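Quantities reported herein were computed from a predicted structural model and do not represent experimental measurements. Values below: all heavy atoms of this structure, side chains included; hydrogens, waters and symmetry mates excluded.
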Amino acid sequence: MADAGRVPPGVKGAPDWLPPDAALFDAVEAAFLDTARLGGYERVRTPVFEHTEVFARGVGASTDVVQKEMYTFADKGGRSLTLRPEGTAGVVRAALEAGVPRSGGLPVKYAYAGEFFRHERPQAGRQRQFTQVGVEALGGTDPIVDAEVVLLGWEALARAGVRDVTLRLNTLGDRGDRGAYSERLNAYLDGVDDLPPDVEERRALNPLRAFDSKAPGMAAVMAAAPLLADFVSDAAREHHRTVVALLEAQGVPLTHDPRLVRGLDYYTRTTFEYQAATLGAQNAVGGGGRYDGLAEDLGWPDPFPGVGWALGVDRTVLALRQQGNVAPRPPRVTAFVVVAGSQLTAEAFATAAELRRAGVATDLLADGRGVRAQFKAADRAGARWAVVVGPAEAARGAVMLRDLASGDQREVARAALVSALETAAQE
RNA sequence: GUGGCCGUAGCUCAGUUGGCUAGAGCGCCGCGUUGUGGUCGCGGAGGUCGCGGGUUCGAAACCCGUCGGUCACCCCA
């Protein structure tokens with residue numbers, strides 16, 4: 001621990017990623033973004049903070065996320081800003097601000113990756129700062145867009161190497177359907193004696209959450225409750241049927257989950273979630289849905305529908321680790337310059353610089369330590385080659401090139417070093 | 001926000017009913033090889049036992065508090 005006790009600690013729930021784990025993290029993020037690119041989704045970047053009302057109105061004032069999990073603060077001008085707790089509201093806000101709905105070429109397809117912030121109690125798979133990759137297809141109403149998005153997410157997880165993923169799918173119907181259903185469900189709950197406190201508390205915000213209650217007896221109570229499916233309009237039901245048919249034709253093993261209720265208010269019609277079997281309580285590695293009313297919630301005068309998902313990078317890394325994917329430490333460099341004699345330090349420095357310019361990842365340890373220590377460092381760095389800069393060779397305008405795997409070494413003219421490495425690499 | 005469990009070297013951990021200068025493995029540094037790594041041998045560095053208080057002749061161990069971590073509830077990706 002040395003003097004670490006004097007150093008201010010990292011913020012609770014804000015993870016550090018160091019080698020070699022950071023490489024695995026990047027690989028997962030890259031796999032997600034690659035998959036999005038294959039679907040024609042273009043990269044966008046939006047700020048990590050927004051005016052608070054973007055989330056209050058977009059995500060929904062009654063949601064847990066907005067009510068108790070946001071990092072909200074006043075800036076110097078007294079405006080209320082919030083660190084983004086999710087990606088969709090900000091991306092849609094940016095699209096509306098740029099006039100995308102009226103610029104034609106719809107739907108537009110966007111992909112993003114970045115950090116998000118929710119003030120929750122950290123646990124396995126849940127940090128206060130976490131990374132998500134997401135896609136949003138904006139301006140399309142056809143169910144084929146929903147199916148494309150769902151399938152892309154499925155394939156993104158496969159591309160990242162996650163096994164044992166299950167896909168849960170549901171339809172929430174349209175806004176009006178859900179309103180009618182909520183009233184009906186509340187009426188039903190009114191007739192139940194001794195509702196558990198958690199249900200009483202939540203039903204005012206969103207009675208659909210009663211389905212999530214694990215209080216004893218609630219399962220039986222909810223089994224007899226009216227079903228959202230019975231309130232879904234014919235149009236929404238037909239939409240859903242088409243999405244399911246398209247996905248099933250692709251062989252995606254989906255599970256219909258009538259209890260899948262997303263906690264963000266903007267969802268309409270299609271909702272879905274990808275769950276990883278190997279994860280613990282936080283087993284949702286991704287999720288999303290359609291949000292046809294979001295643009296209007298944000299103040300846009302016309303309908304501007306959308307569908308999207310977000311995949312959790314941190315959780316995916318966790319799932320991969322639990323599958324036994326430990327990131328093997330990749331070689332840090334391919335060449336390592338070893339100096340024999342302090343009078344050759346400048347020469348070694350120049351050699352390393354030349355190799356780097358030629359595109360060969362190179363390091364050196366010219367701080368006066370012995371050759372033995374330098375070779376040890378070369379080995380630790382995973383270098384394939386050691387380039388020994390010593391007085392004997394230097395006198396001949398050469399260096400010693402040693403293959404660290406085989407132990408073979410030969411003298412190479414200094415001017416021919418780069419090409420020698422290039423030809424050796426081809427063999 | 002609520003609850004369970006856990007804090008001993010860089011890492012993983014041991015420390016017997018409270019009792020010598022607090023240990024191991026791995027890692028790190030050096031030497032064996034004053035110009036050669038990965039193996040081996042030898043040596044070395046490194047610890048306010050999370051922190052504060054209490055009990056005791058004596059605390060890493062027991063008690064209280066506190067901070068941190070972790071898992072679960074909740075929520076969600």
Side-chain angles (χ1 to χ4, degrees), chain A residues 1-6 9-13 18 28 32 59 63-69 85-88 113-128 130-134 153 156-157 197-198 201-202 205-206 209 212-215 260-264 267 271-276 279-289 308-319 336 338-341 344 365 369-394 399-409:
Chain A
M1 226 146 291
D3 282 315
R6 299 165 179 276
V11 173
K12 184 190 187 84
L18 299 174
V28 167
F32 290 169
V59 175
T63 60
D64 279 19
V65 168
V66 170
Q67 285 213 321
K68 44 191 194 192
E69 298 172 2
E86 58 92 56
T88 302
E115 283 67 49
F116 297 88
F117 309 85
R118 291 184 200 172
H119 190 108
E120 300 179 272
R121 190 82 172 265
Q123 68 181 77
R126 187 171 77 189
Q127 298 282 315
R128 290 178 174 175
F130 53 99
T131 301
Q132 291 186 167
V133 172
L157 290 164
D198 63 318
E201 199 175 310
R202 285 182 244 178
L205 295 176
N206 184 355
R209 299 255 190 88
D212 297 330
S213 175
K214 290 179 178 114
L260 179 66
V261 177
R262 310 259 79 205
L264 310 185
Y267 287 118
T271 57
F272 56 94
E273 186 168 294
Y274 309 98
Q275 297 181 349
L279 289 179
Q282 308 301 326
N283 66 348
V285 285
W309 47 245
L311 303 178
V313 177
D314 313 67
R315 280 185 192 177
T316 300
V317 170
L318 212 59
F336 203 98
V338 173
V339 211
L344 289 169
L365 181 70
R369 266 185 277 179
V371 170
R372 176 197 180 94
Q374 294 180 65
F375 267 93
K376 224 175 161 172
D379 193 53
R380 211 176 350 231
R384 176 72 202 284
W385 308 104
V387 177
V388 183
V389 175
E393 298 87 347
V399 293
M400 186 66 82
L401 181 60
R402 181 181 176 88
D403 181 333
L404 287 171
S406 67
D408 299 335
Q409 61 181 31

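- Looking at A/F375 and A/F336, their side chains never come closer than 4.5 Å, going by heavy atoms from C-beta outward.
- Between B/C73 and B/G30, the distance separating the two P atoms is 49 Å to the nearest Å.
- Judged by centroid separation below 5.5 Å and plane tilt below 30°, A/F130 stacks onto the base of B/A77.
- Using a 4.0 Å heavy-atom distance criterion, A/V388 is classed as a base contact.
- B/G25 and B/G18 have their P atoms separated by 28 Å, with the value rounded to a whole Å.
- Across the C1' atoms, B/G35 and B/G27 are found 27 Å apart, a figure rounded to whole Å.
- If you check every strand for non-hydrogen atoms under 4.0 Å, A/Y267 touches sugar and phosphate atoms only.
- If you check every strand for non-hydrogen atoms under 4.0 Å, A/L311 touches nothing.
- Rounded to whole Å, the P atom of B/A9 lies 8 Å from the corresponding atom of B/G50.
- A/E86 comes within 4.0 angstrom of nothing in the nucleic acid, heavy atoms only.
- Distance from the side chain of A/R315 is smallest for B/C76 among the nucleotides B/U36, B/G37, B/C76.
- B/G23 and B/G44: their P atoms are spaced 14 Å apart (whole Å).
- Panel note: side chain A/R128, backbone A/E120; a donor-acceptor pair is recorded below 3.5 Å.
- At a threshold of 4.0 angstrom between heavy atoms, the contacts of A/Q275 with the nucleic acid are absent.
- Side chains of A/R121 and A/R126 form a contact here, defined as non-hydrogen atoms less than 4.5 Å apart.
- No hydrogens or angles were tested; on distance alone, nothing pairs the side chain of A/R372 with the base of B/C29 as donor and acceptor under 3.5 Å.
- Comparing the P positions of B/C42 and B/G47 gives a spacing of 25 Å, expressed to the nearest Å.
- We find the CG-CD distance between A/L344 and A/E393 to be 9.0 Å, quoted to the nearest 0.5 Å.
- Among the atoms of the strands shown, none is found under 4.0 Å from any heavy atom of A/G87.
- The base of B/C75 does not come close enough to the side chain of A/R118 for any donor and acceptor atom to sit less than 3.5 Å apart.
- Side-chain atoms of A/R315 never come within 3.5 Å of backbone atoms of A/N283 as a donor-acceptor pair (strictly under, hydrogens ignored).
- Within the model, atoms CG of A/D64 and CG of A/L264 stand 10.0 Å from one another, a figure rounded to the nearest 0.5 Å.
- Here CZ of A/F130 is found 4.0 Å from CZ of A/R118. Values are rounded to the nearest 0.5 Å.
- Taking atom P on both nucleotides, B/G58 is separated from B/C20 by 15 Å, rounded to a whole Å.
- Looking at A/L404 and A/W385, their side chains never come closer than 4.5 Å, going by heavy atoms from C-beta outward.
- Side-chain N or O atoms of A/Q132 include none that pairs as donor or acceptor with a backbone N or O of A/G114 at under 3.5 Å.
- Residue contacts for A/G390: at a heavy-atom cut-off of 4.0 Å it reaches a base atom on one of the strands shown.
- A/A386 comes within 4.0 angstrom of no nucleic acid atom, judged by non-hydrogen atoms across all strands.
- In this structure, of B/C74, B/G35, B/A77, it is B/A77 that holds the atom nearest to the side chain of A/Q132.
- The pair A/R384-A/D403 counts as a salt bridge, with a side-chain nitrogen and a carboxylate oxygen less than 4.0 angstrom apart.
- The side chain of A/P391 approaches B/G35 more closely than any other nucleotide in the set B/C76, B/G35, B/G41.
- Below the 3.5 angstrom threshold, one finds no donor paired with an acceptor across the side chain of A/R369 and the base of B/G30.
- A/G407 comes within 4.0 angstrom of a nucleotide base, judged by non-hydrogen atoms across all strands.
- Comparing the C1' positions of B/C29 and B/G37 gives a spacing of 16 Å, expressed to the nearest Å.
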Under 3.5 Å, which N/O atoms of the protein pair with N/O atoms of nucleotides 66-70 of chain B?
unit_1	atom_1	unit_2	atom_2	d
B/G69	OP2	A/K12	NZ	2.9

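- Comparing A/G312 and A/V389 along RNA chain B, the residue whose closest nucleotide (by nearest heavy atom) sits nearer the 5' end is A/V389.
- Separating the CD atom in A/Q282 from the CD atom in A/Q275 is a distance of 11.0 Å, to the nearest 0.5 Å.
- Contacts between residues 374-383 of chain A and RNA chain B, counted as heavy-atom distances below 4.0 Å, involve A/F375, A/K376, A/D379, A/R380.
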